[in-house]
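Below is one structure; the comments refer to it alone.
In listed order, ligands and their atoms are each counted from 1.
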Amino acid sequence: MTGAEDRLIQWLRDAHAMEEHAVTMLSTLAGRLDGYPEFKTQVERHLKETERQVERLNACIDRRNGGSSAIKDTIAKMAAFAQGASGIAVGDEPVKGALALYTFEHMEVASYQILIAAAEEVGDMETKRVCEEILQEEAAMGQWLGDALQSLTHSYLAREEREERASS
Ligand code: MG
Ligand code: FE
């Protein structure tokens, strides 16, 4: 294999670990958004999308190296990635959750841009196509969050004030 082929498979595994982490993060967050139906709906929608992304990346990895040893590798990578991404943990309130997710979606966009270039480099047009499609999903989620941050913050603060008044 050429250097670029090695890198592509390595970065596909990294992306797979990143998406596994995203599944955990999105399900945790969805469970904390009962007072924020619109945000919750978006997070649940993107969770389903993300589960599909994991499968599509798996298919790319299998197509490139036939799998098997890839599974072990992915588990190791996942642990490494989770440690590296521990700064991006979902907080216990929705504003911090939205902040963490916004950051995460933009990291995903960057990752797929890198994968698209690497796939081009080795002439893997199927992987390129898959990564372009996933990139659109990440960009859309990032955009939605960017547009929602201010109104979400207003709702959160108003809600918190109501709760404080009710308890005093
Ligand atoms: Mg994703
Ligand atoms: Fe995402």
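Put simply, OH on Tyr102 and CD on Gln143 are 8.5 Å apart, with the number rounded to the nearest 0.5 Å. The line from CZ of Arg52 to CD of Glu19 is 12.5 Å long, rounded to the nearest 0.5 Å. Distance check, rounded to the nearest 0.5 Å: CD of Glu161 to CG of Leu157 gives 8.0 Å. Between the CZ atom of Phe39 and the CD atom of Gln42 there is a distance of 9.0 Å, given to the nearest 0.5 Å. Expressed to the nearest 0.5 Å, how far CD of Glu132 lies from CG of Leu115 amounts to 11.5 Å.
Around the Fe ion (ligand 2), the protein N, O or S atoms found under 2.8 Å comprise His46 NE2, Glu105 OE1, Glu108 OE1, Glu138 OE1. Taking a cut-off of 2.8 Å, the protein N, O or S atoms nearer than that to the Mg ion (ligand 1) are Glu19 OE1, Glu19 OE2, Gln53 OE1, Glu108 OE2, Glu138 OE2.
One side chain, Tyr156 or Glu160, offers a donor N or O that lies under 3.5 Å from an acceptor on the other.
With sequence neighbours excluded, the residues forming a salt bridge (Lys or Arg N to Asp or Glu O under 4.0 Å) with Asp34 are Lys40, listed by chain and number. Remark: Ser27 engages Val23, Leu47 in a side-chain contact (heavy atoms from CB on, under 4.5 Å) (not counting sequence neighbours).
By the 4.5 Å heavy-atom criterion applied to side chains, Leu101 and Met25 are counted as neighbours.
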